[in-house]
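What you see below is based on every heavy atom in this structure, not just the backbone, and it leaves out hydrogens, waters and symmetry mates. Here is how names work: the chains are called A, B, and so on, in the same order as the sequence lines, proteins then strands, and each is numbered from 1.
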Amino acid sequence: MTDIRLTNDPLDINACISAVMTPQAGGIDVFIGTVRDHTKGKTVLWLEFEAYESMAIMEMQKIVASATEQWPLHRLVLHHRTGRLEVGEVPVVIAVSAAHRDAAFAACLYIIDTLKQTVPIWKKEFFEDGEVWVAAHP
Amino acid sequence: MTDIRLTNDPLDINACISAVMTPQAGGIDVFIGTVRDHTKGKTVLWLEFEAYESMAIMEMQKIVASATEQWPLHRLVLHHRTGRLEVGEVPVVIAVSAAHRDAAFAACLYIIDTLKQTVPIWKKEFFEDGEVWVAAHP
Amino acid sequence: MDINILGFGIAREIFGSGQVSLPLGNAATVADMRSALEKQYPRLGQLATYMVAVNNEYAANTRTLQPTDEIAIIPPVSGG
Amino acid sequence: MDINILGFGIAREIFGSGQVSLPLGNAATVADMRSALEKQYPRLGQLATYMVAVNNEYAANTRTLQPTDEIAIIPPVSGG
């Protein structure tokens, strides 16, 4: 079972975890991204996430397919949020269950690392004195 | 903030995650152990966890201290359950928040790996045809 | 041929729109499109880097474009 | 001296009790205790391995025991 979602609504961490629980699993690893209140010493007021939706979903599917090929996993949830997020809110939840914990950890880390490299989603940080598209400029 | 607990009561995954959330954190890694319905091809009916409580708490404290020395972490929760657990129930929850995800993943994996090696807690598996203390015999 | 190009993130802001149209020679490649686009939108060339997607997949610079392709400018991603 | 020894997990079952008493010479070490205990409870010697804890810490075999120590047999742990 895999469940991939890109949504404007707040993510439900509990539902993500419940969805990967199964009597066959011995371990679940969960990664939860949260919006930090500062970056490089500057206070962040809020963030905005924009996605190229059709392609983002395709890239998320590729990552999930690659993870399930590399490790023996039971269930996998990958939810990413878009739109305006306040400090402390959750842009991404990844939950992976597997018979053995090593596979769950490795897959979860692989998914978040790869998502940050390949999935067409962009984050704009809003400060008191301006706004910046993260990573856009050298 | 660290919160270490050994309890007979069901663990509250949601509370563990909420406890490590903070506006300073960019990522949270959570490990959730679950009782599997089989081991080495045999059907597990239920488990019983027994602990040497005073020493288990001390060993859990050592692991947490070592993790917070090795990685820059914000908050850390380590809860372990004792007593009878049914298939699908949760013997352990580890939640770690950090400014950067690598630290959260590494610390969470270190904690569960070390806990399984050093903390005096014992698991007995109950099958239809008998019961076994896990890892007791060669 | 005229191709339509989708812009996201900072590319959308540079274009001043989520989509722009660009005249290109027939059998133009992704590389040709990059050159023409950067001439028209110099700020695009100042990005750390950017990728081009064709029909929802990352495309090599040598790829030939069709007027029916869905083409998008992908500035450095920053999800998660 | 008589020392009290706590047993957990399979050690508790081997002892038939959560605590047993064992007579040992003064200045006896953890190793001495192991020998005496395995003579009295041969099933203990059949475990994959076991550790000894003194006052809630893992103890080396060379450690000298005091009658006031809290001593425990720690079979292979299997938490998590």
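Inspection of non-hydrogen atoms places V90(B), A99(B), H100(B), R101(B), D102(B), F105(B), C108(B), L109(B), I112(B), D113(B), K116(B) of residues 90-116 of chain B under 4.5 Å from chain A.
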For the pair T7(B) and T82(B), evaluate side-chain contact (heavy atoms from CB on, under 4.5 Å) and give the outcome as yes or no after the intermediate values.
-> CA-CA 6 Å; T7(B) 171; T82(B) 51; over 6 Å; no
Given the rule in the side-chain contact (heavy atoms from CB on, under 4.5 Å) test, do S66(A) and K62(A) qualify, once you have shown the distances and angles that lead to the verdict?
-> CA-CA 6 Å; S66(A) 171; K62(A) 284 183 194 170; over 6 Å; no
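Smallest separation of non-hydrogen atoms from P120(A) and M55(A): CG-CG, 3.7 Å.
At a 4.5 Å heavy-atom cutoff, the contact between V35(B) and chain A is made by backbone atoms alone.
Considering M60(A), Q61(A), R5(A) as possible partners of L78(A), the one that fulfils the side-chain contact (heavy atoms from CB on, under 4.5 Å) test is M60(A).
Judged by distance alone, the side chains of H79(A) and D12(A) never bring a donor and an acceptor atom under 3.5 Å apart.
Note on E86(A) versus R84(A): salt bridge recorded, some NZ/NE/NH1/NH2 to OD/OE distance being below 4.0 Å.
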All N/O donor-acceptor pairs, side-chain side in residues 126-138 of chain B, below 3.5 Å, sequence neighbours left out:
{"residue": "D129(B)", "atom": "OD1", "partner": "K42(B)", "partner atom": "NZ", "Å": "3.2"}
{"residue": "E131(B)", "atom": "OE2", "partner": "K124(B)", "partner atom": "NZ", "Å": "2.6"}
{"residue": "W133(B)", "atom": "NE1", "partner": "E13(D)", "partner atom": "OE1", "Å": "3.0"}
{"residue": "W133(B)", "atom": "NE1", "partner": "E13(D)", "partner atom": "OE2", "Å": "3.2"}

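For the set Q24(A), M21(A), E89(A), the count of heavy-atom pairs under 4.5 angstrom toward chain B peaks at Q24(A). Of the residues considered (I17(A), T34(A), V44(A), V87(A)), T34(A) shows the highest number of contacts with chain B, using heavy-atom pairs under 4.5 Å.
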